[in-house]
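Below, each value reflects all heavy atoms present in this structure, side chains not excepted, and no hydrogens, waters or symmetry copies.
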Amino acid sequence: MGVVGNLTPEQLHSFNSQGFLVMESFASPEEIEAMRKRMDLLLQDFDPSTTASIFSTKNQLKLTSEYFYESAEKISFFFEEKAFDDDGNLKQSKELSINKVGHALHEIDPVFKEFSCSEKVSSLLFSLGYMRPVIIQSMYIFKQPGIGGEVSPHQDNSFLYTEPKTCTGLWLALEDATVVNGCIWAIPESQKNGLVRRFIRGEDGVYFDQPSPSYDQKDFVPIEVKAGSLVVIHGDLIHQSFENQSPKSRHAYSFHVVDTDGCKWAEDNWIKRKVEPEPLYAP
């Protein structure tokens, strides 16, 4: 296998205690520039008229389209809810109207694949105890100036469930993330309370099996980071982000990992792949 862990005992303790870990300068300026330039090119080639799919984590009815389902193994484009006027036309350029691109950048695009499958990512996952990890989804998130929508409190294991639970989120800041432009907020140690609900794909679409608990906003702490920092997020950690009310974007590359050794991918997850993902490493 040849993979060696890269986390210190102190970092592991902090992650297991708090439910998240910030690794500064995880990506080099060159890697950040390569991913941002690559996304610029992907956006240039994208024709918005091919889809009007709007991604919203608030209105789950929006998620029922085949476009969303098929994005699990494609590079697909999702607009911000506030990007359109009453007549269904974009209020501004497509580059400033996109919410995110997903969910298989790590698999299809060479630039994103190189970073996602890099030795340092494998070393991190090895430190966390993964035996046969796969990247199950990836997203380039724009958090556009003024219209970048909020992401309500959630746990990643809700969406990417395995038995036993093995999801970890890796969130890379491609620009500085602050409380003004929509950084992540999390409830430290909330992962210790377990999973509160699941996001299910049924015959009639997708839905949560339980209503969302109400959270006290005073319990959340902001995770402000510089570009290049990686936020490692436990699958049961409750986290969210607010609307971007600043004139600056907050680009990020986020991908999620699950183990495939000694655990089972839930058949009622929203992702139903036709082809099994390749592991980053194996025993």
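Residues Tyr215 and Ser190 have side chains that never bring a donor and an acceptor to within less than 3.5 angstrom of each other.
Legend: residues meeting salt bridge (charged side-chain N to carboxylate O under 4.0 Å, His left out) with Asp209, ordered by chain and number and at least two apart, are absent. For Asp268, the salt bridge (charged side-chain N to carboxylate O under 4.0 Å, His left out) criterion is met by Arg198, not counting sequence neighbours.
Using a 4.5 Å heavy-atom threshold, the side chains of Lys192 and Ser17 count as touching.
Few gaps surround NZ on Lys91; more than 12 heavy atoms of other groups in view lie less than 6.0 Å from it. Heavy atoms from other residues, nucleotides or ligands lying under 6.0 Å from CD of Gln217 number more than 12.
A distance of 6.0 Å separates OH in Tyr140 from CZ in Phe112, rounded to the nearest 0.5 Å. In this structure, the separation between OH on Tyr253 and CE on Met39 is 9.0 Å, given to the nearest 0.5 Å. Rounded to the nearest 0.5 Å, atoms CD (Glu107) and CD1 (Ile75) are 10.0 Å apart. Note: Leu124 CG to Gln11 CD = 9.0 Å, rounded to the nearest 0.5 Å. Here CZ of Phe77 is found 8.0 Å from CG of Asp45. Values are rounded to the nearest 0.5 Å. Atoms NE2 and CD1, from His256 and Ile135 in turn, are 11.5 Å apart once rounded to the nearest 0.5 Å.
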Q. Hey, mind stepping through Trp185 and Phe242 against ring pair (Phe, Tyr, Trp, His ring centres under 6.0 Å) and telling me if it holds?
A. CA-CA 8 Å; Trp185 292 68; Phe242 297 106; 5.6 Å; yes
Q: Verify side chain to side chain donor-acceptor pair (under 3.5 Å) between Ser116 and His106, making sure each step is shown before the conclusion.
A: CA-CA 6 Å; Ser116 308; His106 65 281; 5.8 Å; no
Q: Could you please spell out the steps behind the ring pair (Phe, Tyr, Trp, His ring centres under 6.0 Å) verdict for His239 and Trp171?
A: CA-CA 12 Å; His239 58 290; Trp171 189 95; 9.7 Å; no
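Under the 3.5 Å distance criterion, the side-chain polar atoms of Gln191 are matched with a main-chain donor or acceptor of Asn16. Looking only at distances, no side-chain donor or acceptor of Ser14 sits under 3.5 Å from a matching main-chain atom of Glu10. Side chain of Asn181 to main chain of Arg250: no donor-acceptor pair is present (N/O by atom type, distance under 3.5 Å, no hydrogens or angles). Under a 3.5 Å cut-off, the side chain of Asn269 and the backbone N or O of Tyr161 do form a donor-acceptor pair.
Residue pairs satisfying the salt bridge (Lys or Arg N to Asp or Glu O under 4.0 Å) criterion with at least one member in residues 110-136, sequence neighbours excluded, are listed as follows: Glu31-Lys120.
Checking each of Phe78, Tyr69, Tyr67 against His103 for a ring pair (Phe, Tyr, Trp, His ring centres under 6.0 Å) leaves exactly one that passes, namely Phe78. The salt bridge (Lys or Arg N to Asp or Glu O under 4.0 Å) test with Arg36 is passed by exactly one of Glu95, Glu175, Glu30: Glu175.
Across all non-hydrogen atoms, the minimal contact from Ser254 to Ile141 is CB-CD1, 3.9 Å.
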